[in-house]
Amino acid sequence: QVHLVESGGGSVQAGGSLRLSCTISGDNVMTNCMAWFRQAPGKEREGIVAIYNTGDITSYADAVKGRFTVSQDNAKNTVYLQMNSLKPEDTAMYYCAGGRRHASARVGSPSEYNTWGQGTQVTVSS
């Protein structure tokens with residue numbers, strides 16, 4: 001069973017940066033894709049970025065392209081989300097998710113991922 005733990009959330013002013021981490025433990029042999037989702041109050045959970053375990057395939061939602069960067073350190077079993085030029089509309093709970101998917105240019109829907117972390121809050125003030 002795979003266990004995911006997010007960290008790195010916090011409060012920043014607009015234009016600031018944060019780096020989220022997702023530490024993976026357990027047997028993740030069936031997981032080939034990691035993603036970050038976010039959910040703001042009253043809104044649906046949306047996928048913002050995905051990365052496959054080869055590291056050479058990534059997908060970004062239009063809302064974060066050019067501002068967010070996903071990376072992974074396989075030696076540390078950690079996936080990172082570097083968030084720059086943060087905006088108040090980026091305020092949400094951010095979740096790390098894992099699943100097994102065919103390579104895709106889409107991040108995909110939450111139902112395509114079967115393992116989730118507990119989330120970390122990101123708050124961006126104007």
Side-chain angles (χ1 to χ4, degrees):
Q1 185 174 354
V2 179
H3 187 54
L4 307 178
V5 178
E6 303 96 333
S7 61
S11 297
V12 295
Q13 290 190 327
S17 299
L18 284 173
R19 188 177 80 157
L20 306 184
S21 300
C22 174
T23 303
I24 307 162
S25 60
D27 184 2
N28 63 342
V29 64
M30 295 302 294
T31 299
N32 73 336
C33 180
M34 299 297 298
W36 288 93
F37 284 75
R38 67 185 182 185
Q39 188 167 20
K43 295 188 177 181
E44 293 187 353
R45 190 168 297 191
E46 65 168 335
I48 55 173
V49 63
I51 183 169
Y52 288 79
N53 58 6
T54 55
D56 59 349
I57 300 175
T58 57
S59 305
Y60 291 90
D62 289 343
V64 305
K65 279 182 182 176
R67 300 188 298 122
F68 291 11
T69 303
V70 65
S71 62
Q72 60 188 15
D73 185 333
N74 291 331
K76 295 183 178 180
N77 287 330
T78 301
V79 176
Y80 302 99
L81 181 63
Q82 179 66 44
M83 306 186 296
N84 298 327
S85 301
L86 283 162
K87 304 175 182 180
E89 51 263 44
D90 294 318
T91 295
M93 185 71 80
Y94 283 69
Y95 297 91
C96 177
R100 188 160 190 85
R101 306 174 67 230
H102 294 295
S104 172
R106 296 171 45 254
V107 178
S109 65
S111 63
E112 298 177 53
Y113 296 85
N114 53 23
T115 303
W116 293 84
Q118 82 289 349
T120 186
Q121 177 68 37
V122 171
T123 302
V124 184
S125 58
S126 58

>> Does Q1 have more than 12 heavy atoms from other residues, nucleotides or ligands lying within 6.0 Å of its CD?
In response: no
>> Assess the residue pair S59 and R106 against the criterion (side chain to side chain contact (heavy atoms under 4.5 Å, CB included)); give the C-alpha distance rounded to whole Å, side-chain angles, the decisive distance to 0.1 Å, and a yes or no.
In response: CA-CA 6 Å; S59 305; R106 296 171 45 254; 5.9 Å; no
If every non-hydrogen atom of [X] is compared with every non-hydrogen atom of [Y], which pair is closest and at what distance?
X	Y	result
A40	A92	N-CB, 3.8 Å
C96	M34	SG-CE, 3.5 Å
N84	S17	OD1-OG, 2.9 Å
L18	L86	N-CD1, 3.9 Å
P88	S126	CG-CB, 3.9 Å

I need the [X] [atom1] to [Y] [atom2] distance, nearest 0.5 Å.
X	Y	atom1	atom2	answer
Y60	W36	OH	CH2	12.5 Å
S11	Q121	OG	CD	7.5 Å
E112	N114	CD	CG	11.0 Å
E6	Q118	CD	CD	4.5 Å
Q72	N74	CD	CG	4.5 Å
T123	M93	OG1	CE	8.5 Å

>> I'd like to check the disulfide bond (SG atoms under 2.5 Å apart) partners of C33; sequence neighbours left out, ordered by chain and number.
In response: none
Side-chain contact test, heavy atoms from C-beta onward, threshold under 4.5 Å: evaluate it for [X] versus [Y] and give yes or no.
X	Y	value
V12	M83	no
V70	V79	yes
I24	T115	no
L81	R38	no

>> For residues F68 and V107: do they belong to one hydrophobic cluster (side chain heavy atoms under 4.5 Å, members Ile, Leu, Val, Met, Phe, Trp, Tyr)?
In response: no
> Taking F37 as the fixed residue, which of Y95, Y113, Y94 is the one that meets the ring-ring contact (aromatic ring centres under 6.0 Å, His included) rule?
Replying inline: Y113
>> Run K65 and D62 through salt bridge (Lys or Arg N to Asp or Glu O under 4.0 Å) and show every step you take.
In response: CA-CA 5 Å; K65 279 182 182 176; D62 289 343; 3.3 Å; yes
> Linking Ile, Leu, Val, Met, Phe, Trp and Tyr by side-chain heavy atoms under 4.5 Å, what else ends up with Y52?
Replying inline: I57
